[in-house]
Amino acid sequence: MAAKDITTRTASHVAIIMDGNGRWATSRGWPRLVGHRRGANKVRAIVRAAPGLGIKHLTIFAFSTENWKRSTEEVLGLMALFARYIRNEAEKLREAGVRVRFIGSRDRLDPVIQELMAGIEAKTRDCERLTLTVAINYGGRDEIARAAKKLAEDVAAGRLKPEEAGEDALAARLDTADMPDPDLIIRTSGETRTSNFLLWQSAYAEYEFTPTLWPDFTPEELAAIIDRFSRRERRFGGVVSA
Ligand code: FPP
């Protein structure tokens, strides 16, 4: 791949691992769900600020394939929060030109939530200012395994020749098939793990880790991170031209 000119680099696709809601709440002696509620408010603020920062794609990690291990109360509370967010925000997001999409495996989700997800995707399909992709019941390995299964099925059915089963064919079967790869992945709360987020798509992404807990994250901090990113070199394994 060709090297990029550092003067023209923009964070057009930003992905965020929104971590620290639980600690934000428990450090105040409050239930974890209060932290998630504050976290959802912060999603609203960041989505509103994103287009002004040059972001065209914003992808957020809302619920991982591992999050089912949390208490029933917390899982149900998070699901209720997603449902409320979709119901309250759908019209506002459409008016703001935000297309909403979901990645992850939907089968295990409550049918009511699945319906709300399909509804907001249909309602905002033609919006072009920003694409907000929400990862729910998402895991990078799960996504790659599902894509590999589709690939195998297509080869077995004669729809694809074995020699065509390469990188492009696999990428075309991921949940993110028609999306660009992320330029920048941000994780809040001081953890420096990638936690199975966008495993395939992050091959050339830059990572930024901030100690800020997600409910305390601000559009100003996002702007500062993007500013730093746009000054950093990226080589794609090649050589940056002078
Ligand atoms: C991580 O904090 C956060 C989550 C697992 C859930 C993310 C959900 C939201 C921000 C709320 C709503 C989202 C939408 C799309 C409306 P944590 O609980 O792991 O925090 P901890 O590490 O401090 O325990």
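In each ligand, atom 1 is the first atom listed, and ligand 1 is the first ligand listed. The analysis underlying the following values was restricted to heavy atoms, covering all of them including side chains, and did not include hydrogens, waters or symmetry mates.
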Nearest protein heavy-atom contact for [atom]: which residue, which atom, what distance?
atom: atom 11 (C) of ligand 1; result: His36 O, 3.5 Å
atom: atom 12 (C) of ligand 1; result: Ala40 CB, 3.7 Å
atom: atom 7 (C) of ligand 1; result: Ala62 O, 3.4 Å
atom: atom 1 (C) of ligand 1; result: Met18 O, 3.1 Å
atom: atom 18 (O) of ligand 1; result: Arg70 NH1, 2.8 Å
atom: atom 9 (C) of ligand 1; result: Asn21 ND2, 3.6 Å
atom: atom 15 (C) of ligand 1; result: Ile60 CD1, 3.9 Å
atom: atom 13 (C) of ligand 1; result: Phe82 CE2, 3.7 Å

Measuring from non-hydrogen atoms of [X] to any atom of ligand 1, is the shortest distance under 4.0 Å?
X: Gly20; answer: yes
X: Arg37; answer: no
X: Lys42; answer: no

Any donor-acceptor pair under 3.5 Å from Lys42 side chain to Phe217 backbone: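 It does hold such a pair.
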
Under 3.5 Å donor-acceptor, Glu121 side chain and Val100 backbone: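 Side chain of Glu121 to backbone of Val100, a donor-acceptor pair under 3.5 Å: no, none is there.
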
Any idea which part of [X] is under 4.0 Å from ligand 1, heavy-atom wise: side chain, backbone, both or neither?
X: Arg44; answer: neither
X: Arg32; answer: side chain
X: Asn67; answer: side chain

Trace of the salt bridge (Lys or Arg N to Asp or Glu O under 4.0 Å) decision for Asp175 with Arg146: CA-CA 9 Å; Asp175 298 347; Arg146 284 187 285 109; 2.8 Å; yes

Arg28 charged N/C atom sitting above Trp24 aromatic ring, 6.0 Å / 45°: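 Satisfied, under 6.0 Å and within 45°.
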
Distance-only polar pair, side chains of Thr192 and Arg187, donor-acceptor under 3.5 Å: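 No, Arg187 and Thr192 have no side-chain donor paired with an acceptor closer than 3.5 Å.
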
Test item: Met18 and Ile186 side chains (from C-beta on) under 4.5 Å apart, heavy atoms: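 Sidechains of Ile186 and Met18: no contact.
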
Pair Asp154 + Arg173, salt bridge at N-O below 4.0 Å: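 Salt bridge present between Asp154 and Arg173.
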
His57 and His13 aromatic ring geometry - parallel, tilted or perpendicular at 30°/60° bounds: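 Tilted: the ring planes of His13 and His57 meet at 30° to 60°.
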
Within 6.0 Å of CD in Glu73, more than 12 heavy atoms from elsewhere: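 Counting neighbours around CD of Glu73, 12 or fewer heavy atoms of other residues, nucleotides or ligands fall under 6.0 Å, so no.
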
Element-labelled atoms of ligand 1 that are located less than 4.0 Å from some non-hydrogen atom of Tyr85: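 Counting atoms of ligand 1 from 1, those under 4.0 Å from Tyr85 are 16 (C).
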
For Phe63, the option from Tyr138, Trp68, Phe197 that meets ring pair (Phe, Tyr, Trp, His ring centres under 6.0 Å):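 Testing Phe63 for a ring pair (Phe, Tyr, Trp, His ring centres under 6.0 Å) against Tyr138, Trp68, Phe197 leaves exactly one candidate, Trp68.
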
